[in-house]
Asks: 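Got a structure for you, questions after.
Computed from a predicted model, the values in this text were never measured in an experiment.
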Amino acid sequence: MADGYAFLVPLLVVLPLIGAGLTLAAAGRTAVQRIVSLSVLSGMLGAAGVLLWAADTLGPQVMLVGGWLPWEGVVLVVDRLAALMVIVSTTVTMAVLGYSIGQGASSFDDESDGHSPLPVFHPSILVLAAGVTTTFISGDLFHLYVGFEMLLAASFVLLTLGGTAERVRAGTTYVLVSLLSSAIFLAAIGTVYAAAGTVNLALLAQRLGQIEGSTATQLQLLLLIGFAVKAAIFPMSGWLPDSYPTAPAPVTAVFAGLLTKVGVYAIIRTQTLLFPGNRFEDLLLWAALLTMVVGILGAIVQDDIKRMLSFTLVSHVGFMIFGIALGSIGGLAAAIFYVIHHIMIQTTLFLVTGLVERVGGSSDVSKLGDLARVSPVVGVLFFLPAMNLAGVPPFSGFLGKVGLIQAGAEDNSALAWIVVAGAVVTSLLTLYAVVRVWGRAFWSENPAGMTGSGPWRGGHHEALGWGVVVPTTAIVAATVLLTVVAGPLYAIATRAAVDLLSRQIYIEAVLGIGAGL
C-alpha cells in the first residue's frame, strides 16, 4: 500500500541492490560498472529529492512492503529527517565514487587493460549505500538492524581492499567493535519485543509508555549503548582513529562522512519517538562534553592529517549528541543541521587529504611542506572545508554551532552551560588543529624538496589530474553552497524537529495507513 509519492520509497533501497548485482555481473568491465553505479546513485538522489518535497508538503511517505499490515511486515517511512539524510548520504557517495573513478589505477581501476583488479569495489559501495539508506527509512527496529548489518558487511570489504596487513588489522578491529554493538542492539530488540510484543516503531511509541518505568529505562539504555558504539561516542570511541586512516582515500572519506552518523540518526529516531521525556538527558550531556573534549585533545597532537581528522570526527559527534540531549526544538534542529553539515565536511576533508597524499607523497605533516606553492589548488580545496569544520563565520559549521549554543543557553541548566563552554573550547581547539596542519603542510619549508612546476603536479610525486580534482572541487563547492542555502535548510531541520517531538504525525502516518487497508 502506498500513499502520495510513497511508491518511490522502495527505490531508495532496491536501486542500489539491483545496481550491486549488475556491477558484480559486470566484473572486469570497468566502464559498465561506472555507468551503472553513477546511474543508480543519480536515480536515488532524484527519488530522494521528490520524497523530501512530498514529506515537507504532504507529510511522511509510508510504504507497507508486500501489503502487510504495519505490525505484521516491513514498513518503510520517509519523513523530513529521513529524506534529508538520504539526500546528503547519496550526494557524498557520488562524490566519493567520482573521486575513485578519477583516481584510476592508483585506487581500484586498472586503466592499462580496461579491467578492474578489485571488481568488488562498485558492488560494495552500492551495498553500503543500500544499507545506509535502509537504516534511514526503516519503520521497525529489526529492519533497522538489517540495514546496520548490510553496511557492516560492505564496509568490511571496503576497509580491507588491497589486503595489506595494516588494513586487515584495522578491519578486524572495526568488525569486532561493530559486531559487539550489533549484538547489543540485537539483544535490545529481543528485549523490546518481549516487553511490548512488537518492533514496529509507531506501535512501540504507543506501547512503551504503558510499560513499567524501570523496564522502559533498561530498554532505552540498551538501545543507547548499542547506537553509541556505532556513533563513536566516548568512552566507546577509541576504535575509530585506528580503523579509518588505513583505508584508501575514497573509502576513508565515505566512512568518515556516513558511518558514525548512522548511529547518531538511530539515537535521534529512538530517543524522540520511543522515549519522549529524555530520561537520560544528564548522561547524554556528559557524554557529549567528554566526546567533544577528549576527541579534540587527541586531534591536536596528531602529525598525520588522517588521524587528526579521525579524532575531530569523534569530537564533533559530541556536538550532535549535545543537541539531542537538550531535547528541545532548537536543540534537535541544530543537531540535524549539524549532522548534514558534518557529513559533507568530513567527507570533503578526507578526499582533499587524498590529494595531499598524491601531491606530497604522505599525509604526515612532518614530511610535507610548501604545498601552497607546489599545488595552490589543493591549498584552496583544503582551506575552505577546514575553516568550515572549525566553525569560522560565515560557514555552515559556524551556523550549526551557534544554533547548538543558543539552544544550550535556552535550556539554562548548569550542565548545559558547562557543555556550551566545552563546545566553545572544542571549536577553538579545532581551529588550532587545522591551522597547525595548514601551517606545517602548506606554508613551512618543504623537507622533501618537492619542485612541482604547477598546480597539478608535485615534482617526483603523482600528478593530480582532472579526474580527482573535479569531484573534489565539486564537493568543496557543495559545502560552500550549504552555507548559501543554510536558511531554508535550517527551516526544514526545524520543521523536522517539530515533527520528531510531536511524534503523532509519524504514528498516524504509519498506523493510519494500516487502519485503512
Asks: Parallel, tilted or perpendicular: which fits the ring planes of F227 and F148, with parallel below 30° and perpendicular above 60°?
Replies: tilted

Asks: Using side-chain heavy atoms (C-beta onward) and a distance below 4.5 Å, is T426 in contact with F319?
Replies: yes

Asks: Is there a donor-acceptor pair under 3.5 Å between the side chain of T483 and the backbone N or O of S396?
Replies: yes

Asks: Would you call L404 and M320 a side-chain contact if the rule is heavy atoms closer than 4.5 Å?
Replies: no

Asks: Passes side-chain contact (heavy atoms from CB on, under 4.5 Å), S155 versus L128? Steps please.
Replies: CA-CA 7 Å; S155 60; L128 181 73; 4.3 Å; yes

Asks: Quick one: are F395 and L384 in side-chain contact, heavy atoms under 4.5 Å?
Replies: yes

Asks: Please work out whether the ring planes of W438 and F382 are parallel, tilted or perpendicular, with thresholds of 30° and 60°.
Replies: parallel

Asks: For a 4.5 angstrom cut-off between non-hydrogen side-chain atoms, does V77 reach I137?
Replies: no

Asks: Out of L258, I343, V339, L489, which one pairs with V88 under the side chain to side chain contact (heavy atoms under 4.5 Å, CB included) rule?
Replies: I343

Asks: Tell me if a side-chain donor or acceptor on T353 pairs with a main-chain N or O of L349 at a distance below 3.5 Å.
Replies: yes

Asks: What pairs with T198 under side chain to side chain donor-acceptor pair (under 3.5 Å), at least two apart in sequence or on another chain?
Replies: none

Asks: Do the side chains of L500 and R80 get nearer than 4.5 Å, heavy atoms only?
Replies: no

